[in-house]
Structures are given as structure tokens and as C-alpha cells.
Amino acid sequence: MARVFSGIQPSGDLHLGNFLGAVRNWVRVQDEHDAVYCIVDLHALTLRPDASELRAATLRLAQTLIAIGIDPEHSILFVQGHVPEHAELSWLMECTASFGELNRMTQFKDKSGRTDFISAGLFSYPALQAADILLYDTDLVPVGDDQRQHIELTRDIAERFNNRYGDTFVVPEHVIPPAGARVMDLQDPTAKMSKSEGEAPGTVWMLDDVGKIEKKFRRAITDSDGEVRYDPEAKPGVSNLLSILGAATDREPAAVAADYEQYGPLKSDAADAVISALEPIQKRFADLVADPAETERVLARGAERAREIASATNDRARAAVGLLPRSSSPRS
Ligand code: TYM
């Protein structure tokens with residue numbers, strides 16, 4: 001069975017973009033693949049979150065992922081910081097990636113422009129992401145469109161490492177969904193929907209109630225020509241609504257457009273489709289929140305299973321670059 005790996009940051013609650021662009025597809029592929037899903041708490045540290053918020057967000061994210069349908073009996077669900085091989089292999093990745101490559105990452109340019117303290121970790125972030133993926137001999141990485149460049153860099157790093165030191169890593173491929181890969185902000189459809197913008201009216205959160213979701217779609221920015229047509233360049237707001245409705249109902253956005261003559265019904269149908277996808281998830285989430293110890297047990301078991309795979313790959317990489325095996329270090 002092909003191995004699937006993906007990750008998500010515990011930097012606040014999930015939004016509709018995370019769901020349609022990534023996590024929904026994690027659920028869809030888990031039965032036919034050997035799936036490993038990771039909550040990347042070490043990546044979240046690059047932007048200095050408050051410690052107690054990070055702890056709470058990590059557990060809530062695990063509960064949200066299980067509520068969406070990740071089955072931890074079958075798939076491996078774990079927290080990155082529980083498996084020390086991620087941080088360790090990250091160093092080998094930093095020594096394999098070049099400064100120029102990391103400097104070309106558009107996410108670094110975006111994020112460094114929005115913070116006054118630019119940590120070195122924010123710069124080397126994609127090296128840790130490469131370690132995440134390569135530790136699990138990953139074939140496929142289901143992500144939204146904004147991660148494309150990071151996965152391409154992971155491939156380049158894997159190939160360079162294999163050329164330098166001999167075949168060590170599987171070279172992975174990204175899987176980007178045909179609809180929903182780039183969900184845009186409902187108030188600013190030229191910017192992608194994102195977690196880091198605070199209480200934004202253009203972001204639909206997974207845990208928003210029905211009233212909020214309806215209001216956000218009703219107020220979504222469109223344009224003044226009144227024509228329902230899928231054209232992301234000329235009509236970003238309308239096209240975003242068509243993409244969301246298309247992704248939520250598994251149809252092509254351009255085909256969805258043919259059903260509508262006015263913006264009002266398109267907005268309310270998009271809201272309804274999102275509500276019917278989210279309501280059952282919100283119910284399951286409420287049950288899981290009532291028993292945090294159960295989720296903690298799931299994560300502990302996930303980390304054990306992840307570590308079995310990760311430690312073998314990490315040992316292989318350490319040996320390949322010439323680090324002495326740990327068993328030969330002097331005994332204390
Ligand atoms: P993160 O936490 O920002 O996002 C998690 C996933 O959600 C997707 N996504 C979107 N998809 C569509 N429209 C949007 N507006 C939108 N916003 C986010 C992202 O593409 C992603 O798939 N660096 C990664 C986390 C990571 C990772 C990994 C991913 C760390 N290690 C290894 C894959 C493999 C990130 O910050 O995702």
C-alpha cells in the first residue's frame with residue numbers, strides 16, 4: 001500500500017480552506033493507503049504562540065481531526081513534538097537545502113513580512129517539513145495549493161541527499177485536489193482564507209454556528225456586473241463561491257455556474273452545502289471534548305507507532321552521512 005503523509009499546524013482552529021483543501025482528502029484516502037497524519041507543533045513555534053494556547057490548540061486540533069473522520073485505529077495520528085526524530089532529521093535537511101532555496105520560499109516572504117521578530121526557525125521551516133515527510137518513506141502528500149512549493153523543495157532535498165549519500169529516501173509527490181485547493185477569503189477574494197488573521201469576517205471556521213456561516217456567505221464580496229461565471233482572474237469573489245460550492249458537492253466550479261443566474265441563490269446554496277458538511281463534524285467534536293483523556297491516549301499510541309517508522313529512517317540517514325551509530329558511543 002502506498003504511504004500517505006500530511007501535516008497541519010496547531011495555530012488556532014481549522015477553517016474551511018484547511019478542510020476543503022486538505023483534511024477532507026486525508027479522510028478520503030485513508031482507507032486505501034497507509035496513512036500518517038501529524039499535528040506540527042514544532043512548526044507552530046516559528047511564530048511564537050502563547051504556551052498555554054499552543055497546548056490547548058494542539059489537543060483541540062486532534063479532536064477536530066478525529067471529528068472530521070481521521071480514524072486513529074487505522075491511520076497514525078500523532079503530534080510532531082512527541083517524535084524526536086523530526087527535530088533531529090531536520091538538521092540533516094538544513095545541511096542539505098541551500099540558503100538560496102530557502103530564501104526563495106514564498107511562504108517565508110509572506111510570513112516574515114507580517115511579523116516584527118523573524119525567527120531563524122521561520123526561515124528553515126521547510127527543512128523541518130522535509131524531515132516530516134521523508135521520515136515516513138512517503139509516496140503521496142495531500143495538501144492545498146499553498147504547500148506546492150514546500151513539497152517541490154522536499155523532492156529536491158531528497159534527490160540531492162540520495163545523490164550525495166546513496167539511496168536513502170523515497171521521493172514523494174504532492175496531491176492537490178481539483179476543487180478547494182485554494183479557498184479564498186470571503187471579504188478579500190484575492191487573499192487565501194487563513195488562520196492567522198484573527199476574528200476575520202472573511203474566514204469560515206469549522207466550529208462556526210449556522211447563523212455565523214449564513215451571515216458570512218450573505219456578506220461575501222462579489223462584484224457589480226451580476227453575471228455568474230467561473231473566472232478567478234476577472235471575478236475572484238464569484239469564482240470563490242463557485243469553488244466552495246463545487247468542492248462541497250464534488251462538482252466542477254464551471255459546471256456549478258451554469259445552475260445560477262443571480263448571486264443571492266449561489267451564496268445561500270454555498271452556505272447550505274457548507275453547513276451540511278460541518279454540522280455532523282461539530283456534533284462529534286462536542287463529544288470528543290467531553291473526554292480529553294481519550295484523545296491524549298490516542299496521541300500517545302500514535303506517537304509510538306510513528307516512532308517505529310521514523311527511527312528506522314532516521315538511523316538510515318544518520319549512517320548515510322557518516323554519524324557513528326549511537327550504540328558505539330562510550331557508555332556512561
Ligand atoms: P497549514 O497548517 O497552514 O495548513 C494545513 C493544510 O491546509 C491547507 N490550506 C488550504 N487549502 C485550501 N485553501 C486554503 N485557504 C488553505 N489554507 C491552508 C494547506 O495547504 C495544508 O495542506 N507547512 C504546512 C504544515 C506541514 C506539512 C508537513 C504539510 C508541516 N509538515 C508535511 C504536509 C507535509 C502548513 O503550514 O499547513
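Each ligand, and each atom within it, is numbered from 1 in the order the structure gives. Nothing fancy with the numbering, it's 1 onward along the sequence.
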*Asks:* Using distance alone, decide if ligand 1 has a nitrogen or oxygen within less than 3.5 Å of any nitrogen or oxygen in D145.
*Replies:* no
*Asks:* Can any side-chain N or O of Q30 pair as donor or acceptor with the backbone N or O of G69 at less than 3.5 Å?
*Replies:* yes
*Asks:* Any N or O on A22 sitting closer than 3.5 Å to an N or O of ligand 1?
*Replies:*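 No, there is no polar N/O contact under 3.5 Å.
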*Asks:* Mark yes when over 12 heavy atoms from residues, nucleotides or ligands other than E252 sit less than 6.0 Å from its CD; otherwise mark no.
*Replies:*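 Atom CD in E252 is not packed in, count stays at 12 or less.
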*Asks:* I'd like to check F19 versus I68 (side-chain heavy atoms, cut-off strictly below 4.5 Å). Are they in contact?
*Replies:*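 The answer is yes; the side chains approach within 4.5 Å.
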*Asks:* Does D231 offer a backbone N or O that forms a donor-acceptor pair with the side chain of S239 under 3.5 Å?
*Replies:* yes
*Asks:* Looking at atom 7 (O) of ligand 1, what's its closest protein heavy atom, distance included?
*Replies:* N18 ND2, 3.1 Å
*Asks:* What protein heavy atom is closest to atom 37 (O) of ligand 1, reported as residue, atom name and distance in Å?
*Replies:*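 That would be Q147 NE2, 3.8 Å.
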*Asks:* Which atoms of ligand 1 are found less than 4.0 Å from any heavy atom of V143?
*Replies:*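 Numbered from 1, ligand 1 contributes 22 (O), 33 (C).
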*Asks:* Under 4.0 Å, heavy-atom basis, I'd like to know which part of Q107 is in contact with ligand 1: side chain, backbone, both or neither.
*Replies:*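 Neither; no heavy atom under 4.0 Å.
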*Asks:* Looking only at distances, can you tell me whether any N or O atom of Q129, backbone or side chain, sits closer than 3.5 Å to an N or O atom of ligand 1?
*Replies:* yes
*Asks:* What protein heavy atom sits nearest atom 11 (N) of ligand 1, and how far off is it?
*Replies:*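 Going atom by atom, the protein heavy atom closest to atom 11 (N) of ligand 1 ends up being G17 O, 3.1 Å.
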*Asks:* At what distance, to the nearest 0.5 angstrom, does CD of Q9 lie from CG of N18?
*Replies:* 9.5 Å
*Asks:* Do the side chain of T115 and the main chain of K111 share a donor and acceptor less than 3.5 angstrom apart?
*Replies:*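 No; judged by distance alone, with no hydrogens or angles, the pair does not exist.
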*Asks:* Quick check: are there more than 12 heavy atoms from other residues, nucleotides or ligands sitting under 6.0 Å from CD of E261?
*Replies:*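 12 or below, so no.
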*Asks:* Just jot down the ligand 1 atoms closer than 4.0 angstrom to any heavy atom of I133, in number order.
*Replies:*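 By the 4.0 Å cutoff, the relevant atoms are 32 (C), 34 (C).
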*Asks:* Are any of the N/O atoms on S6, whether in the backbone or the side chain, positioned under 3.5 angstrom from an N/O atom of ligand 1?
*Replies:*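 Looking only at distances, the answer is no, because the N/O contact criterion of under 3.5 Å is not met.
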*Asks:* For ligand 1, which atoms sit closer than 4.0 Å to a heavy atom of V141?
*Replies:*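 Within the 4.0 Å cut-off of V141, ligand 1 contributes 33 (C), 34 (C).
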*Asks:* For atom 19 (C) of ligand 1, what's the nearest protein heavy-atom neighbour? Residue, atom name and distance, please.
*Replies:*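 Heavy-atom neighbour on the protein nearest atom 19 (C) of ligand 1: D146 OD1, 3.2 Å.
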*Asks:* May I ask you to decide if T168's main-chain N or O and R316's side chain share a donor-acceptor pair within less than 3.5 Å?
*Replies:* yes
*Asks:* Take R305 and E308 through the test salt bridge (Lys or Arg N to Asp or Glu O under 4.0 Å) and record every step on the way to the result.
*Replies:* CA-CA 5 Å; R305 292 167 69 198; E308 267 174 38; over 6 Å; no
*Asks:* I'd like to know if D34 pairs up with R3 as an ion pair, taking the criterion as any Lys NZ or Arg NE/NH1/NH2 lying under 4.0 Å from an Asp or Glu carboxylate oxygen.
*Replies:*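 Yes, D34 and R3 are salt-bridged.
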*Asks:* By number and element, which atoms of ligand 1 are closer than 4.0 Å to a non-hydrogen atom of D132?
*Replies:* 28 (C), 30 (C), 31 (N)
*Asks:* Please list the nearest protein heavy atom to atom 17 (N) of ligand 1 with its residue and the distance rounded to 0.1 Å.
*Replies:* H15 CE1, 3.5 Å
*Asks:* Please work out whether any backbone atom (N, CA, C, O) or any side-chain heavy atom from C-beta onward of V183 is under 4.0 Å from ligand 1, and answer side chain, backbone, both or neither.
*Replies:* both
*Asks:* Answer with side chain, backbone, both or neither: which part of H43 has a heavy atom less than 4.0 angstrom from an atom of ligand 1?
*Replies:* side chain
*Asks:* Mark up the atoms of ligand 1 that fall under 4.0 Å of a heavy atom belonging to A181, in ascending order.
*Replies:*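 Numbered from 1, ligand 1 contributes 11 (N), 12 (C), 13 (N).
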*Asks:* Got a salt bridge between K212 and D209, using NZ or NE/NH1/NH2 to carboxylate O under 4.0 Å?
*Replies:* no
*Asks:* Just need the protein heavy atom nearest to atom 25 (C) of ligand 1, so name the residue and atom and give the distance.
*Replies:* G7 O, 3.6 Å
*Asks:* Mind checking whether Q80 has a heavy atom under 4.0 Å from ligand 1?
*Replies:*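 No.
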*Asks:* Closer than 4.0 Å to some heavy atom of G144 - which atoms of ligand 1 meet that?
*Replies:* 11 (N), 19 (C), 20 (O), 22 (O)
*Asks:* Aromatic contact between H86 and Y136, with the criterion being ring centroids under 6.0 Å apart: yes or no?
*Replies:*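 For H86 and Y136, the ring centres are under 6.0 Å apart.
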*Asks:* Check the pair K192 / D110 against salt bridge (Lys or Arg N to Asp or Glu O under 4.0 Å), numbers first and verdict last.
*Replies:* CA-CA 12 Å; K192 79 177 177 184; D110 280 1; 5.7 Å; no
*Asks:* Before signing off on this row, confirm whether H150 and ligand 1 have an N or O atom pair separated by under 3.5 Å.
*Replies:*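 So ligand 1 has no N or O lying under 3.5 Å from an N or O of H150.
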*Asks:* Can you find an N/O atom of M193 closer than 3.5 Å to an N/O atom of ligand 1?
*Replies:*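 Yes, M193 has an N/O under 3.5 Å of an N/O on ligand 1.
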*Asks:* Using a cut-off of 6.0 Å, state whether more than 12 heavy atoms not belonging to Q262 lie near its atom CD.
*Replies:*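 Not buried by this count: 12 neighbours or fewer within 6.0 Å.
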*Asks:* Among all the protein's non-hydrogen atoms, which is closest to atom 1 (P) of ligand 1, and how far away is it?
*Replies:*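 Heavy-atom neighbour on the protein nearest atom 1 (P) of ligand 1: Q9 N, 4.3 Å.
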*Asks:* Using a 4.0 Å cutoff against the non-hydrogen atoms of G21, which atoms of ligand 1 qualify?
*Replies:*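 So the atoms of ligand 1 that pass are 11 (N), 12 (C).
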*Asks:* When you measure from atom 23 (N) of ligand 1 to every protein heavy atom, which one gives the shortest distance, and what is it?
*Replies:*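 It is Y125 OH, 2.7 Å.
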*Asks:* Run the numbers for me: atoms of ligand 1, each under 4.0 Å from some heavy atom of G180, listed by number.
*Replies:*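 Heavy-atom distances to G180 below 4.0 Å select 12 (C).
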*Asks:* Looking at R104 and E152, is any side-chain nitrogen of the basic one under 4.0 Å from a carboxylate oxygen of the acidic one?
*Replies:* no
